[in-house]
Amino acid sequence: MPNHILKHVEPEKETSYFALHFDDEFFKLVLLLNFHLGTRFTRTKKDLTFKSVAGSFMTYNYFDKKSDLDFWIYNNSCTNSIKSEGSLSFFQDSVETYFLMPEIRSVQYVLKCIGDQCLFADFLKNLSRIPEIISIYKIPKRKLKSKENLIFE
């Protein structure tokens, strides 16, 4: 008697990465996005952390049910001050900066969009109209060597 194997292959959702440059705090960027775009970005319950890095990276998420688009915004850098053992002064502390994606150190925030890229075009156009955002541009996937850092849920 032959065995029948049914395979259901679901197409992988397309993912794009964008660099956001903004001169203020991360939460202000999220408030501006929610205000101007009508989104509901919320901070994830846990920050993004790694065993090899002593820092944690803030993350916000928004899922648009109508268009089936999933948006993630990550803080690309984290700064920790490390107190020297023999130091009695505030000024002798060392400051270490960690990057979520070290290959793009100049980028402040990373926007990840998962879903149909045609639907994302309107969102991107409205995002570029926010005057407080300095610049937004697509990050080529070939340039991203550590995009695995952004895969979590």
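The analysis underlying the following values was restricted to heavy atoms, covering all of them including side chains, and did not include hydrogens, waters or symmetry mates.
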Distance from Thr59 atom OG1 to Asn75 atom CG, nearest 0.5 Å?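 Going from OG1 on Thr59 over to CG on Asn75, the span is 8.5 Å.
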State which residues pass side-chain hydrogen bond (donor to acceptor under 3.5 Å, both in side chains) with [X]; sequence neighbours excluded, sorted by chain then number.
{"X": "Arg129", "answer": "Asn126"}
{"X": "Asp122", "answer": "none"}
{"X": "His36", "answer": "none"}
{"X": "Ser67", "answer": "Asp64"}

Can you check side chain to side chain contact (heavy atoms under 4.5 Å, CB included) on Leu20 and Val110, steps first, answer last? CA-CA 6 Å; Leu20 280 169; Val110 177; over 6 Å; no
Looking only at non-hydrogen atoms, find the nearest pair between [X] and [Y] and report the distance.
{"X": "Asn61", "Y": "Asp70", "answer": "ND2-OD1, 3.0 Å"}
{"X": "Glu132", "Y": "Leu32", "answer": "CB-CD1, 3.6 Å"}
{"X": "Asp23", "Y": "Gln108", "answer": "OD1-NE2, 4.4 Å"}
{"X": "Lys112", "Y": "Tyr17", "answer": "CD-CE2, 3.4 Å"}

Is the Phe120 ring parallel, tilted or perpendicular to the Phe71 ring (thresholds 30°, 60°)?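 Phe120 and Phe71: tilted rings.
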Does the pair Leu127 and Ile136 meet the rule for a side chain to side chain contact (heavy atoms under 4.5 Å, CB included), with working shown? CA-CA 8 Å; Leu127 183 64; Ile136 180 169; 2.9 Å; yes
With Lys28 via salt bridge (charged side-chain N to carboxylate O under 4.0 Å, His left out) - residues at least two apart: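 Here the qualifying residues are Asp24.
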Can you name the residues that form a salt bridge (charged side-chain N to carboxylate O under 4.0 Å, His left out) with Arg43, not counting sequence neighbours?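 Salt bridge (charged side-chain N to carboxylate O under 4.0 Å, His left out) list for Arg43, sorted by chain: Asp47.
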Check whether any side-chain heavy atom of [X] lies under 4.5 Å from a side-chain heavy atom of [Y], and answer yes or no.
{"X": "Ile104", "Y": "Ile139", "result": "yes"}
{"X": "Asp68", "Y": "Asp116", "result": "no"}
{"X": "Cys113", "Y": "Thr15", "result": "no"}

Indicate, with yes or no, if Leu111 and Ile133 share a hydrophobic cluster defined by side-chain heavy-atom contacts under 4.5 Å among Ile, Leu, Val, Met, Phe, Trp and Tyr.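 Yes, one cluster joins them.
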Are Val107 and Leu29 co-members of a hydrophobic cluster defined by side-chain heavy atoms under 4.5 Å apart?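 Different clusters: Leu29 never reaches Val107 through Ile, Leu, Val, Met, Phe, Trp or Tyr contacts under 4.5 Å.
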Quick one: side-chain contact (heavy atoms from CB on, under 4.5 Å) partners of [X], sequence neighbours excluded?
{"X": "Ser16", "value": "Phe18, Gln117, Lys138"}
{"X": "Thr39", "value": "Leu33, Asn34, Leu37, Phe41, Tyr62, Phe123"}
{"X": "Ser135", "value": "His21, Tyr137"}

Has the side chain of Glu14 got a donor or acceptor atom that lies under 3.5 Å from a matching backbone atom of Gly115?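 Such a contact is absent between Glu14 side chain and Gly115 backbone.
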I'd like to know if the side chain of Ser77 reaches the main chain of Phe99, judged simply by a donor and an acceptor atom lying under 3.5 Å from each other, with no hydrogens or angles considered.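 Checking the backbone N and O of Phe99 against the side chain of Ser77, no donor-acceptor pair under 3.5 Å is found.
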Is there a ring-ring contact (aromatic ring centres under 6.0 Å, His included) between Phe57 and Tyr98? Walk through the geometry before answering. CA-CA 9 Å; Phe57 303 92; Tyr98 303 102; 7.8 Å; no
Verify the ring-centre separation between Tyr109 and Tyr74: is it less than 6.0 angstrom?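 No.
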Name all residues meeting the ring pair (Phe, Tyr, Trp, His ring centres under 6.0 Å) criterion together with Phe27; count only those two or more places apart in sequence or in a different chain, and write none if there are none.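 Phe27 satisfies ring pair (Phe, Tyr, Trp, His ring centres under 6.0 Å) with no other residue.
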